[in-house]
Undergrad: 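For reference, the structure I am asking about is given below.
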Amino acid sequence: MSLSPSSLIERSLTLIKSEFDHFGDSTIMKEVDIRAPRYTSYPTADRFVEAFGPEDYIRHLQAREMRPAVPLSVYVHIPFCSALCYYCACSKKITRNYEKAERYVRHLVAELSLVDARLGGDRRLLQLHLGGGTPTFLKERELRILMSALREHYALSSSGEYSIEVDPRTVDDEKMALLSELGFNRISLGVQDFDRQVQTAINRVQPETLVQSVLDRARSLGFESTNFDLIYGLPRQTLAGFEKTIDSVIAMRPDRIALYSYAHMPLVFKSQRLISINDMPNVATSQAVFRMANERLEAAGYEYIGMDHYALPDDPLAKAHRNGLLHRNFQGYTTQPDCDLVALGSSSISRIGSCYSQNQKSTNDYNDCISQGILPTQRGLELSRDDMLRRAIIMAIMCQGEVDKETFEVNYLIDFNQYFAEELLALEPLMQAGMVDDESSRIVVTATGRREALRLISACFDRYLSDQKSRARYSKVL
Ligand code: SF4
């Protein structure tokens with residue numbers, strides 16, 4: 001494709017530039033409502049096209065058949081939840097009808113067979129993640145069916161990472177023991193905030209003692225790593241309340257912590273309309289909460305990994321971070337090398353070779369496709385060479401905080417400074433703000449930039465970012 005920037009890129013670069021022209025120090029940056037993608041993929045999912053269908057996905061799967069040595073990562077989406085959390089932006093289905101889950105799991109197994117018939121090979125499964133929705137909505141029978149189907153198709157490895165998102169309200173000692181028996185070695189607990197006022201406002205009441213007991217059980221069962229998801233910016237959240245939450249979290253000492261910023265977008269996410277705007281903390285409070293949490297976590301020995309993630313120094317994620325070996329996929333940061341990602345279930349996104357393929361978002365449409373024996377691809381994208389190049393650069397920024405220009409010149413046969421002349425120009429305001437340095441042979445994100453501007457620095461290399469309207473779809477960067 002032509003390397004010259006399109007008018008769309010120019011417009012987006014101008015936007016980024018104009019928004020940053022007045023920046024002189026990072027505290028100002030924190031106050032500004034800038035939006036950009038989280039870059040769990042590039043191009044981002046909103047660039048996928050419906051012209052990409054099941055036949056295209058099959059073609060890419062078959063092309064990978066000849067490369068069985070490429071290890072696999074599998075994501076399984078379980079969309080069911082028994083109650084609605086008002087802040088939710090996930091693809092989920094609220095139900096108390098368990099028959100839906102039974103049928104869905106039968107379809108997951110069928111989808112796995114459809115995929116594996118094309119992908120073939122004796123693949124090592126290095127990474128498995130069950131997300132949702134609420135994976136622990138599933139009962140023992142369906143969890144067993146799902147895990148034995150995965151084991152039938154793929155070889156689990158002793159060094160693999162097999163994780164499941166756990167809603168503390170849905171597990172007891174027996175279920176935790178079952179998860180361990182089935183081969184899961186990591187859990188991620190949705191904690192959000194221990195403040196009862198906040199829990200009530202988001203319709204997710206779960207006592208601290210409940211989380212502590214699930215954590216204790218996980219440790220006694222030998223789970224290798226535990227993660228807590230926390231959210232700042234939630235309704236009725238206060239600095240004093242979240243201080244208590246952070247102190248409790250530090251006392252519990254999970255291996256990893258994800259501290260997400262709540263993005264209130266009621267026009268996009270219907271469930272968020274149940275949150276009263278009067279309960280929302282102002283920007284200054286949210287920023288104070290974030291700064292406090294960040295300072296306390298680091299004072300307690302947690303290492304900042306990137307974006308929203310922290311880990312204890314002995315955790316593999318922290319080690320990978322120190323050694324420049326981090327990777328990033330739809331689940332966030334990972335220690336596993338680039339794998340093909342097979343995603344099963346409604347709305348899930350596979351990454352196979354040079355394509356992304358997303359399944360039907362509606363569970364009903366997903367079920368219909370599988371019932372007819374066809375892959376449930378709704379949309380996707382075949383990446384161009386330029387997409388692959390930019391994806392590699394954005395991942396290098398997000399994971400290593402550094403882009404070695406010469407490596408990209410050799411691998412992609414380009415003159416880096418010439419190919420990315422516009423992008424380097426767009427970086428200038430961020431350089432002036434002390435977020436990034438453009439050295440002759442490298443682009444290096446500064447320590448401040450790693451905390452405050454990873455998305456924006458990446459966005460400078462995003463060919464698709466076009467106008468304010470499209471950027472408004474993304475959550476707040478800071
Ligand atoms: S936040 Fe999680 S548990 Fe709550 S409704 Fe959304 S998907 Fe379900």
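The model shown is predicted, which means the values in this text are computed figures rather than measured ones. Just so you know, ligand 1 is whichever comes first in the structure, and atom 1 is the first atom listed for that ligand. Heads up: numbering here begins at 1 and tracks the sequence.
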Undergrad: Under 2.8 Å from atom 4 (Fe) of ligand 1 - does any N, O or S atom of Cys85 fall there?
TA: yes
Undergrad: Could you identify the single nearest non-hydrogen protein atom to atom 1 (S) of ligand 1 and state the distance to 0.1 Å?
TA: Tyr87 OH, 3.6 Å
Undergrad: What atoms in ligand 1 come closer than 4.0 Å to a heavy atom of Thr134?
TA: 3 (S), 8 (Fe)
Undergrad: Decide if the gap between the ring center of Tyr232 and the ring center of Phe242 is smaller than 6.0 angstrom.
TA: no
Undergrad: Spell out, as yes or no, whether a donor-acceptor pair under 3.5 Å connects the side chain of Thr134 to the backbone of Phe137.
TA: no
Undergrad: Under 4.0 Å from a heavy atom of Ala83: give me the atoms of ligand 1 that qualify, with their elements.
TA: 5 (S)
Undergrad: Is it true that the side chains of Tyr262 and Gln237 contain a donor and an acceptor less than 3.5 Å apart?
TA: no
Undergrad: What is the closest protein heavy atom to atom 6 (Fe) of ligand 1, and at what distance does it sit?
TA: Cys88 SG, 2.3 Å
Undergrad: Do any of the N/O/S atoms of Cys81, backbone or side chain, fall under 2.8 Å from atom 6 (Fe) of ligand 1?
TA: no
Undergrad: By number and element, which atoms of ligand 1 are closer than 4.0 Å to a non-hydrogen atom of Arg204?
TA: 3 (S), 4 (Fe)
Undergrad: At the 4.0 Å heavy-atom cut-off, does Glu165 count as touching ligand 1?
TA: no
Undergrad: Looking at Tyr304, does the NZ or CZ of Arg450 lie under 6.0 angstrom from its six-membered ring centre and within 45 degrees of the ring axis?
TA: no
Undergrad: Please compare Gly133, Gly190, Ser271 and report which has the shortest non-hydrogen distance to atom 2 (Fe) of ligand 1.
TA: Gly133
Undergrad: To the nearest 0.5 Å, what is the distance between OH (Tyr356) and CZ (Arg47)?
TA: 13.5 Å
Undergrad: Step through it carefully: locate the ring centre of Tyr310, locate the ring centre of Tyr302, and say whether they are under 6.0 Å apart.
TA: no
Undergrad: Show every side chain to side chain donor-acceptor pair (under 3.5 Å) that has at least one partner inside residues 79-95, sequence neighbours left out.
TA: Tyr87-Gln192, Tyr87-Arg204, Ser91-Ser347
